[in-house]
There are 2 protein chains.
Amino acid sequence: MSHIPGVRQAQKQKTRQALLDAALELLEGQSLSSLGLREVTRAAGVAPTAFYRHFRSIADLGVALVEEALGSLHPTIRTTVSTTGDGEERIARALELIAGHVDAYPAHVRFIARERHGGVRPVREAIHRQLGLFTAEVGEALAKDPVSAGWSEEDVLMLAQLYVDLMLGTASLLLEAPASEPGARERVSRMAARQMRLIGIGRTHWLDRPGGDR
Amino acid sequence: MSHIPGVRQAQKQKTRQALLDAALELLEGQSLSSLGLREVTRAAGVAPTAFYRHFRSIADLGVALVEEALGSLHPTIRTTVSTTGDGEERIARALELIAGHVDAYPAHVRFIARERHGGVRPVREAIHRQLGLFTAEVGEALAKDPVSAGWSEEDVLMLAQLYVDLMLGTASLLLEAPASEPGARERVSRMAARQMRLIGIGRTHWLDRPGGDR
DNA sequence: CCTTACGGAGAACAGTTGTTAACTGCATGG
DNA sequence: CCATGCAGTTAACAACTGTTCTCCGTAAGG
């Protein structure tokens with residue numbers, strides 16, 4: 001199966017990608033639940049009925065967009081977490097990577113932030129599933145750090161969740177920061193850096209509470 | 001002006017409220033940007049044209065919904081923050097209040113979580129404006145605590161933002177926790193409690209970093 | 001009591017929506 | 001080289017959308 005790409009399959013993928021791209025662009029100004037099938041095909045330069053050759057429905061296309069968007073986010077998160085250096089360096093590097101990703105894939109970031117709590121159930125579920133995987137991955141990386149010695153698995157996961165949420169929230173804020181005033185981005189970054197710093201401090205003192213873990 | 005309510009004004013407010021209620025209910029399964037004017041009036045039992053007597057557009061209605069939803073959230077946040085007792089008690093009490101609010105106004109919570117990053121600009125802005133006020137308010141309460149002695153105003157605000165985001169995120173998770181498995185709610189609460197605990201620890205050690213505040 | 005102002009209803013509009021069916025052309029595999 | 005399968009098109013459908021204009025009943029204010 002899938003022998004050689006083939007002229008046929010290649011053209012199909014091309015149209016499919018055109019649909020995804022058109023949808024993503026249209027989604028900058030609205031939510032997925034208001035996106036129309038005809039609207040998408042029109043923007044993609046394709047007949048309305050061609051849509052059905054690729055997706056069963058708009059919700060289906062949305063799920064495909066989740067894969068695409070979080071696929072591009074995956075390597076970024078991985079390198080963000082596994083950066084070396086002391087705390088302050090890691091924070092700076094992480095913020096650079098986030099800002100870079102926002103610049104490279106603004107529409108993807110917007111899509112995920114918007115549809116994470118959006119009105120289309122299957123898409124919401126797909127996002128939460130993927131973010132769960134990210135959280136687990138981040139948790140794994142955190143567990144390797146000597147600071148995490150003696151931590152329960154549940155505690156590592158709650159820390160990972162805190163970081164993932166913060167990253168997504170920061171990315172969304174960076175996206176909405178008006179390009180008119182460049183100071184806005186700086187302000188968001190500095191705020192996020194402080195928050196990461198505070199979480200880091202809480203992390204290093206997590207086990208010296210009265211009663212220890214639990 | 002506004003002499004006595006008057007039969008006339010009272011009926012108008014009643015219809016207006018019917019529109020808001022109908023919209024809020026319809027929004028449980030979709031986003032604001034896909035909500036139709038006719039859809040709302042139909043659900044409210046009113047002619048389509050009556051809509052224009054109350055709102056200029058659906059976006060306008062959305063902004064009104066923001067006021068309503070965050071008006072009901074306001075007292076909850078206030079009491080949450082100003083709870084007395086030691087750290088652990090405060091966390092438990094805060095989580096109770098959040099869970100109580102989610103049960104009392106589920107549609108409001110869903111609306112805010114969804115439209116915070118939603119596809120309708122004016123609504124997004126209204127939410128961010130209101131959340132900014134909440135953050136400032138929380139910050140004010142935090143500043144009064146002796147633990148915050150020596151904190152810069154900016155640091156207090158970043159902590160407040162951390163708390164507000166955590167509260168909203170937790171509320172949203174509680175909302176999506178399936179009623180079929182009651183353990184899900186518990187799990188969400190326990191996770192949120194740990195996160196609040198960690199942030200609290202970071203807070204108490206914020207100033208004993210090498211270099212202190214800056 | 002009588003006029004005015006206003007909340008709401010009704011009908012009509014041009015435009016758009018999702019989905020169906022029947023088609024065309026051409027790359028593919030035997 | 002030819003028959004098959006499939007990506008994409010065209011045409012048509014009933015249903016629905018937001019908005020305008022015109023009308024109606026009645027509470028409000030003099």
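Quick caveat, the model's predicted, so the values are computed rather than measured. Just so we're on the same page: letters track the sequence lines, and every chain starts at 1.
At a cut-off of 3.5 angstrom, the base of D/dT19 holds no donor-acceptor pair with the side chain of B/Thr49.
Taking CG of B/Leu24 as the start and CZ of B/Arg110 as the end, the distance is 9.0 Å to the nearest 0.5 Å.
Closest-nucleotide positions on DNA chain D for B/Arg53 and B/Ile58 were compared, and the one nearer the 5' end corresponds to B/Ile58. Summary of the strand contacts: A/Ala50 and A/Arg38 both lie near DNA chain D, and taking for each the nucleotide with the nearest heavy atom, the more 5' one is attributed to A/Ala50.
A sub-4.0 Å separation between OP1 or OP2 of D/dG8 and a side-chain N or O of A/Thr15 is present.
Counting only heavy atoms from C-beta outward, the side chains of B/Leu37 and B/Phe55 never approach each other to under 4.5 Å.
No more than 12 heavy atoms of other residues, nucleotides or ligands sit less than 6.0 Å from atom CD of B/Glu140.
The NZ atom of A/Lys12 sits 11 Å away from the C1' atom of D/dG8 (whole-angstrom rounding). Remark: C1' of D/dA7 and CG of A/Leu19 are 12 Å apart, rounded to the nearest angstrom. Taking atom NZ on B/Lys14 and atom P on C/dG8, their separation rounds to 11 Å, with Å as the unit.
Looking at every heavy atom in both residues, A/Glu115 comes nearest to A/Gly119 through OE1-N, 4.3 Å.
Nearest to the side-chain atoms of A/Arg42 among the listed nucleotides C/dT17, D/dT17, C/dA11 stands C/dT17.
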